[in-house]
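Values below: every heavy atom of this structure, side chains too, minus hydrogens, waters and symmetry copies.
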Amino acid sequence: MAATASQSNLAGLPRRLVQDGIIAEDKLNEATEAARKDKVPLVAYLVNQDLANARAIAVAASHEFGVPLLDLDAMEVDLEAVRSVDQKLISKHRVLPLVKRGQRLFLAIADPTNLQAIDDIKFQSSLRIDPVVVEQDKLEERISKAIEAVDTSMSGLDDEDFDLENLDVSSDEQEDEDVHRDDIEDAPVVRFVNKILLDAIKRGASDIHFEPYEKHFRIRTRLDGVLSEVAAPPVALANKLCARLKVMSRMDIAERRVPQDGRIKMRLSKNRAIDFRVNTCPTLFGEKIVLRILDPSSAKLGIDALGYEDKQKQLYLKHLNKPYGMILVTGPTGSGKTVSLYTGLNILNTVDRNISTAEDPAEINLAGINQVNVNPKVGLTFASALKAFLRQDPDVIMVGEIRDLETAEIAIKAAQTGHLVLSTLHTNDAPKTLTRMVDMGVKPYAIATSVSLIIAQRLARKLCDNCKEVKDIPREALEKEGFSEKDLDGNITVFGPKGCKSCNEGYKGRVGIFQVMEVSEAMGRIIMEGGNAMQIAEQALKEGVIDLRQAGLNKVKEGVTSLEEVNRVTIE
C-alpha cells in the first residue's frame, strides 16, 4: 500500500516507467532532480546514464499517450523534412523531422510530453505536427547524421587555425559601414560563409557556386576541374547568404536585376591572403553567385611544376628571354592559361624590366608588375591600355586576351617594335591560333613576323600516388587510342584511378598537357600563302611538335594520369 501511495505522487511518463518496472521510484526521483540541475530532458538523462533501457522507455511512452511507436532503423529520413525546420530548434529540443506530407510533418520524439518542442516547431514551420515515439539513443544518432547530411549545422564550425567570426575579410573598394554592421549581426551566417570559403581553400578548389532553386539551395565547389556538391543549406537561407557575399565583395545588395562583379580578400595570416573574384547572376529563384579562388601561390609554382616536357620547357624559356616577339597561350576557359602566363611573368619580373599588364580583371596581384584592370564602361579597353603602355617605356607587355582586331594589331606592332608581348586566345590547338588571327583580319605577313611561340594547353587530373592501380588494357585498344608500335613493344604500363582517403575519387591535383609550337619560317610561308590550320599542323609534325593528344598519352605512359582523363580533356 505504501508503494501505491508513493506512486500516486507521480504522473505521466514517470509514473508509467515505475508501474512497468523499468526503473525504481527512488532512482527515478534522483534522476529527475539531477536532470533538472543539468538542464537535460529526463528521458535523455535516463538513457545516457544507463538507468533505463531506451527501447523500454519508448514502448511505455507509446502505450501511455497513444502515440505511434517507430523503429528508426527501419526508417529513411527525408532531408527535405529536416530542412523545413530550423536547425536550432532541432538541436535545442533533440527532435527529428522525418517526413513531410502536404501540410503535415511527422516528428520523431523520445518524450511525447515535450509539448514545448511540438509548439515551437509548429509555429516556426507553419505545419501540423504529428509526433512519433522513437528510442532516445537511436534518435540522437540520427539527428547528428541528418544535420551533417544537409550541412546546416552552425555549431562545430570552429577551426583550429582560424577565428571564423573575426576572420579578416575585406574588399578592394570602400566599405559601406552601415550595411556591413547590419549584416555582421547575423553571426551564424557569417561563420557559415567563412567556413565554406576556408574549406574550399583547404581542399584546393578553384571555384565555389552558390545556387538557389525553387525548393532547395545548394553549394558546389570545383575541385581538379570537376564540380561536386558540398552543402545544401535550407532554401530560406538563400537571401541571407547572398546578401552576406554581396556585402563582403562591396556590391549593391539592393540591386538584384542585373549581374554584378566584385572582389573579396581573405587574410589567413600575416603572410598569406587569398583573393576571390565574385560574380552574381539573376536567375528564376534568386541570384546565383560564383566565386573564383585566386591563390597568389599558384603563380609562383615555378615552371617545373606545371607539367612541361623538357623540350617544351626549354622552348618557353628561350622565347621568354627574347627581347621582342609575341608568345600566345591558347585553350578553353579553365585550362590554366593564366597560371602559365603568370609563371612566365614571374621569371621576367626583375628590377631591370618594366612590365605592364592589361587584364579583365587582374586575377593575381604581383609585386613589381604594373597591372591594369580594363573597364570598357569608361573607355579603358585592352586597345586603349596597350596604347598607354607603349608611351610608358615598356619592356614586357601582357594582354589578358586578344578579342578584336584593334587589340591584335596594336599587340603585333608592339611585338615588332622591340617589346615582348604575352597574351591568350581561345582556340583548340596551336595551328588554329594562327588561322584564327587571320580570320580576325590581321595581315598574314604581320602574324608571320611577330608571333614567335604558341602554347596550347589543357589541365588533366593527376592520379593519386597512394592508390593508383594498373589497368589491363588490350594491345588493340591501346593502338586505337593512339599509342605507337614503339610504345606498345616497350610493354607500357597504364594506370587508372581507384580512390582512397587522401584523394578525390582516385585523383589528386592537376597537371598541364601542352603543345608548344615555335613559329618557324616554313610556317610563316604557309600563313602568307593563305594556308590553313591543317597545313600548319602537318608542318609542325614534320618539325617534331607533338600535339595535345600525344602529350596526353605521354603523361599516361609516365603514370601521371589515366587514359580516361586524357580522353576527357583532349580532342581526338
Side-chain angles (χ1 to χ4, degrees), residues 199-200 202-207 220-230 298 301-316 331-332 334-337 339-340 343 428-430 455-516 541 544-572:
D199 283 349
K202 289 178 181 178
R203 295 179 68 209
S206 60
D207 302 87
R220 295 189 292 173
T221 59
R222 189 179 296 278
L223 181 62
D224 296 335
V226 178
L227 276 171
S228 60
E229 186 172 325
V230 295
S298 65
L301 291 172
I303 194 167
D304 293 321
L306 299 183
Y308 286 97
E309 296 183 14
D310 189 60
K311 183 181 177 181
Q312 295 175 332
K313 181 179 78 172
Q314 296 307 323
L315 268 177
Y316 191 18
S335 60
K337 300 187 298 295
V339 172
S340 284
T343 300
N428 289 329
D429 59 19
I455 301 171
Q457 68 179 79
R458 301 289 187 276
L459 284 178
R461 291 181 292 173
K462 293 170 65 176
L463 286 168
C464 174
D465 290 329
N466 293 330
C467 67
K468 66 181 180 182
E469 58 184 8
V470 177
K471 294 291 184 181
D472 184 15
I473 303 175
R475 181 187 176 97
E476 296 77 17
L478 292 175
E479 196 172 343
K480 286 181 180 178
E481 293 288 353
F483 288 100
S484 66
E485 291 291 333
K486 183 180 177 182
D487 292 332
L488 298 175
D489 291 340
N491 295 320
I492 63 170
T493 303
V494 177
F495 291 91
K498 182 180 179 182
C500 66
K501 292 181 179 180
S502 63
C503 68
N504 183 30
E505 297 180 355
Y507 296 97
K508 189 173 184 179
R510 288 193 286 180
V511 65
I513 295 175
F514 301 94
Q515 179 187 27
V516 181
L541 191 59
V545 178
I546 61 172
D547 60 17
L548 285 166
R549 178 71 183 174
Q550 190 57 53
L553 294 179
N554 287 346
K555 291 287 189 289
V556 174
K557 288 190 294 183
E558 295 167 7
V560 175
T561 190
S562 67
L563 193 54
E564 297 93 332
E565 187 66 7
V566 169
N567 287 336
R568 184 179 72 88
V569 300
T570 61
I571 300 171
E572 297 189 34

task = For residues Thr221 and Ser228, determine if any side-chain heavy atom of one lies less than 4.5 Å from a side-chain heavy atom of the other.
result = yes
request  = Give the minimum heavy-atom separation between Gly499 and Cys467, together with the two atoms involved.
outcome  = N-SG, 3.3 Å
query = CD1 of Ile492 to CG of Leu478: how many Å apart, nearest 0.5 Å?
reply = 5.0 Å
key: Side chain to side chain, Lys311 and Val516, heavy atoms closer than 4.5 Å   = no
Student check: side-chain heavy atoms of Tyr507 and Val226 closer than 4.5 Å = no
task = Measure the CZ-CZ distance between Arg222 and Arg203 for me, rounded to the nearest 0.5 Å.
result = 13.0 Å
query = Is the backbone of Gly336 close enough, under 3.5 Å, to the side chain of Gln457 for a donor and an acceptor to pair up by distance?
reply = yes
key: Option among Ile546, Val566, Val560 that satisfies the side chain to side chain contact (heavy atoms under 4.5 Å, CB included) test with Asn554   = Ile546
query = Which atoms form the tightest heavy-atom contact between Ile513 and Ala460, and what is the distance?
reply = CD1-CB, 3.7 Å
task = Report yes if some heavy atom in the side chain of Val494 is under 4.5 Å from a heavy atom in the side chain of Val556; otherwise report no.
result = yes
message = Going by the rule ring-ring contact (aromatic ring centres under 6.0 Å, His included), which residues pair with Phe514 if we only count those two or more places apart in sequence or in a different chain?
response = Tyr308
ask   = For Asn466, which residues count as a side chain to side chain donor-acceptor pair (under 3.5 Å) partner, sequence neighbours excluded?
value = Ser502
inquiry  = Let's go through Asp199 and Val230 carefully: what are the C-alpha distance in whole Å and the side-chain angles of both, what is the deciding distance for side-chain contact (heavy atoms from CB on, under 4.5 Å) to 0.1 Å, and is it a yes or a no?
reply    = CA-CA 10 Å; Asp199 283 349; Val230 295; over 6 Å; no
task = First locate atom CD of Gln515, then atom CG of Asp429, and finally report the distance between them rounded to the nearest 0.5 Å.
result = 5.5 Å
request  = May I ask you to test the Glu565-Lys555 pair for a side-chain heavy-atom distance under 4.5 Å?
outcome  = no
key: Nearest heavy-atom neighbours spanning Gly496 and Ser562   = CA-CB, 4.2 Å
remark   = Arg568 and Arg461 have their tightest heavy-atom pair at NH2-NE, 4.0 Å
query = If you look at every heavy atom in Gly506 and Pro497, which pair is closest and at what distance?
reply = CA-CB, 3.8 Å
message = If we count only N and O atoms by modelled type, under 3.5 Å, do the side chains of Thr570 and Arg549 hold a donor and an acceptor together?
response = yes
task = Look up atom CG in Leu548 and atom CZ in Arg458, then write down how far apart they are to the nearest 0.5 Å.
result = 5.0 Å
query = Under a 4.5 Å cut-off applied to non-hydrogen side-chain atoms, are Gln314 and Glu309 in contact?
reply = no
remark   = Output for pair (Ile303 CD1, Gln312 CD), nearest 0.5 Å, gives 10.0 Å
inquiry  = Within this structure, what is the NZ-CG distance for the pair Lys508 and Leu223, rounded to the nearest 0.5 Å?
reply    = 10.5 Å
task = Could you tell me whether the side chain of Lys337 and the main chain of Pro332 form a donor-acceptor pair under 3.5 Å?
result = yes
